[in-house]
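Structure, as structure tokens:
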Amino acid sequence: MLERAPERKVSDTLDAMNTALAAGDTARVASLFLDDSYWRDLVAFTWNIKTVEGPRAIKEMLDSQLKAIRPANFQLDPKEQVSEADGIAEGWITFETEVARGYGHIRLKGDRIWTLLTTMAELKGHEEKAGFTRPLGAKHGHGVGTKSWKEEREEEIASLGYTRQPYVLIIGGGQGGIALGARLRQLNVPTIIVEKNDRPGDSWRKRYKTLCLHDPVWYDHLPYIDFPKNWPVFSPKDKIGDWLEFYTKVMELNYWTRTTAKKATWDDKAKEWTVIVDRDGEEVVLRPKQLVFATGMSGKPNIPQFKGAERFKGEQHHSSQHPGPDGYVGKKVVVIGSNNSAHDICAALYEAGVDVTMVQRSSTHIVRSDTLMEIGLGGLYSEQAVQNGITTAKADLIFASIPYKVLPQFQLPLAEQMKERDKDFYEALEKAGFELDWGADGTGLFMKYLRRGSGYYIDIGASQLVIDGKIKLARGQVVEITENSVILDNGKELPADVIVYATGYSSMNGWVADIIDQETADRVGKCWGLGSDTPKDPGPWEGELRNMWKPTQQEALWFHGGNLHQSRHYSQFLALQLKARKEGIPTPVYGLQQVHHKA
């Protein structure tokens with residue numbers, strides 16, 4: 001018997017799915033999936049970001065959602081090829097629901113589905129005005145009182161937040177808030193972004209002067225406007241700051257600088273927030289229907305409470321407040337921590353001629369930047385990927401199509417390749433006394449990032465300074481700080497004029513406690529992490545990142561964050577959820593995030 005071509009195999013499966021969905025036969029749909037299978041949905045079916053695992057869970061989801069969602073017309077994207085390798089056939093799909101058009105990806109093992117990705121691409125009747133439907137701009141004719149674009153824009157800036165209220169208020173104007181604001185602008189959702197700094201991009205400009213993005217340019221585009229073709233591979237912080245400022249202006253975002261959210265309260269009867277903000281000294285009361293915290297994935301700076309810290313005579317600050325090396329020449333600086341910020345700060349201090357010691361308190365995963373680019377990202381985010389027809393949007397969906405439960409299977413062989421390629425480098429680091437790890441299960445950078453958002457360094461040169469002894473290394477736990485030194489649990493005393501705490505951040509819901517109240521922060525619980533039951537990511541298994549870009553246990557409260565890639569990709573799905581609510585479209589949420597950890 002001849003084996004069916006992969007395209008026919010996938011097409012037959014989609015036909016069977018359409019027939020079963022039309023008949024409301026959820027058991028038949030579930031039978032199309034392997035026992036070890038995963039359906040990852042970004043809003044289209046669940047009005048959530050949710051992965052359901054195995055036929056039983058898939059049937060339960062469909063039993064709950066099918067009547068309201070009314071999916072149909074699953075078919076292969078005619079513009080894309082179906083491929084098959086190692087017994088897995090995969091292809092791109094389109095589909096519809098009652099209120100939306102969708103796009104997705106399918107993988108078959110044999111004749112049954114292994115992974116299915118469904119994403120909401122657009123809401124019917126609320127499509128973005130782009131391409132053939134882009135705004136005309138010009139106003140033909142000369143009616144009395146016709147206003148120019150500039151006059152209309154000035155009127156909007158003057159009125160929003162005063163004579164008319166925003167539907168969405170975004171607290172935090174970094175890349176996350178800006179990307180979401182741009183999406184909402186295209187969907188005609190009145191939005192204000194509040195940012196404490198003087199200018200868009202200042203959250204980057206105010207970091208230490210040598211900071212550059214550790215991710216390559218192809219990974220970091222914002223929605224709608226790509227970086228220019230001559231943009232550097234790794235963006236300097238001030239250049240990124242300028243780009244964000246430019247982007248905010250040309251995307252016509254309502255961006256309030258020098259504005260701090262002081263207090264927010266939810267009115268359950270009116271179904272709206274009351275948010276008091278200080279706008280450059282003026283108290284303004286805003287009443288948005290939806291409130292988004294885009295205060296950064298890392299949340300609030302985590303500063304350990306070490307014995308004796310209050311008596312230290314020198315300067316102490318968190319890495320987020322580090323001004324750079326220039327003021328520390330001739331001083332001894334101790335940097336507590338050994339991840340990305342610690343390495344960057346130590347390298348800059350050394351290059352400025354400062355005596356600097358890094359304190360490593362726990363093992364760190366290190367991957368060299370060029371190795372990560374070639375092995376870890378090159379297939380999706382690189383110039384070669386672009387030449388191969390992998391657009392940023394396509395790369396995002398390929399990455400999204402791999403459920404988090406199976407992502408370690410994809411990452412482990414890549415980590416092994418990296419380890420082998422740079423084995424001499426790792427041997428030299430260990431010989432210098434640096435304690436390395438590859439994550440709890442050897443899967444490396446991406447899984448560590450998703451599970452805990454910390455514990456790694458993408459090496460752009462500092463590791464060689466550690467190997468060469470130019471950055472001094474001390475290992476151990478800090479037990480005490482004296483007037484002029486840091487004492488470790490092994491008895492070693494490190495003279496210090498300056499202490500930098502490169503000690504990471506706490507969960508984003510810490511900002512909720514500050515601005516709303518502790519009860520609400522506890523109700524929504526910990527942000528980030530998968531529930532992998534690995535260090536700093538306690539179980540149970542969640543299947544998706546906790547609380548990110550999806551409904552929470554507090555009505556009308558949302559979290560948006562992550563790196564530039566995540567800010568770009570997931571802003572689409574958060575924006576669609578917010579737009580649907582604005583338009584009164586039913587949004588029956590399936591699998592609302594349960595809270596197992598408060599912080």
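The first residue in the sequence is number 1, and the count goes up from there. Remember, predicted model here, so these are calculated numbers, not experimental data.
- The aromatic rings of Trp92 and His105 sit perpendicular, their planes meeting at an angle over 60°, well past the 30° parallel limit.
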Identify each donor-acceptor pair in which a side-chain atom of residues 385-392 lies under 3.5 Å from a protein atom, sequence neighbours left out, and give them as a table.
unit_1: Asn388; atom_1: OD1; unit_2: Gln384; atom_2: NE2; d: 3.1
unit_1: Asn388; atom_1: ND2; unit_2: Gln384; atom_2: O; d: 3.3
unit_1: Thr391; atom_1: OG1; unit_2: Lys394; atom_2: N; d: 3.1

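- Side chains of Trp528 and Ser507: no donor on one and acceptor on the other come within 3.5 Å.
- Within the structure, the ring pair (Phe, Tyr, Trp, His ring centres under 6.0 Å) test picks out the following pairs touching residues 152-199 (sequence neighbours left out): Tyr162-Trp256.
- Annotation: side-chain contact (heavy atoms from CB on, under 4.5 Å) contacts of Asn302 (sequence neighbours excluded): none.
- No hydrogens or angles considered: a donor-acceptor pair under 3.5 Å links the side chains of Gln175 and Trp204.
- Side-chain atoms of Arg452 do not come within 3.5 Å of backbone N or O of Lys536 as any donor-acceptor pair.
- In this structure, Glu583 contributes its side chain and Ile585 its backbone to no donor-acceptor pair below 3.5 Å.
- Salt bridge annotation for Lys239-Asp242: absent, with no cationic side-chain nitrogen under 4.0 angstrom from a carboxylate oxygen.
- The side-chain contact (heavy atoms from CB on, under 4.5 Å) check on Asp63 picks up Thr26, Lys59, with sequence neighbours excluded.
- Residues in residues 572-599 take part in these ring pair (Phe, Tyr, Trp, His ring centres under 6.0 Å) pairs, two or more places apart or across chains: His569-Phe573.
- Looking at residues two or more places apart in sequence or on another chain, you find a salt bridge (charged side-chain N to carboxylate O under 4.0 Å, His left out) between Arg107 and Glu90.
- Side-chain contact check for Met548 versus Gln566: every heavy-atom pair is 4.5 Å or farther apart.
- Within the structure, salt bridge (charged side-chain N to carboxylate O under 4.0 Å, His left out) contacts touching residues 512-521 (residues at least two apart or in different chains) are Lys300-Asp514, Glu519-Arg523.
- Between Phe74 and Phe45, the ring-plane angle classifies as tilted under the 30° and 60° cut-offs.
- Ring pair Trp549/Tyr570 is parallel by interplanar angle, where below 30° counts as parallel and above 60° as perpendicular.
- Applying the ring pair (Phe, Tyr, Trp, His ring centres under 6.0 Å) criterion to Phe399, with sequence neighbours excluded, gives Phe446, His565.
- By the side-chain contact (heavy atoms from CB on, under 4.5 Å) test, Gln593 pairs with Glu542, Arg546, Asn547, Lys550, sequence neighbours left out.
- Under the salt bridge (charged side-chain N to carboxylate O under 4.0 Å, His left out) criterion, Arg207 pairs with no residue at all, not counting sequence neighbours.
- Side chains of Trp218 and Glu383: a donor-acceptor N/O pair is present below 3.5 angstrom, by distance only.
- When side chains are defined from C-beta on, Gln572 counts as touching Arg183, because their heavy atoms get closer than 4.5 Å.
- Applying the side-chain contact (heavy atoms from CB on, under 4.5 Å) criterion to Thr257, with sequence neighbours excluded, gives Pro200, Tyr255.
- Glu98 pairs by the salt bridge (charged side-chain N to carboxylate O under 4.0 Å, His left out) definition with Arg70, not counting sequence neighbours.
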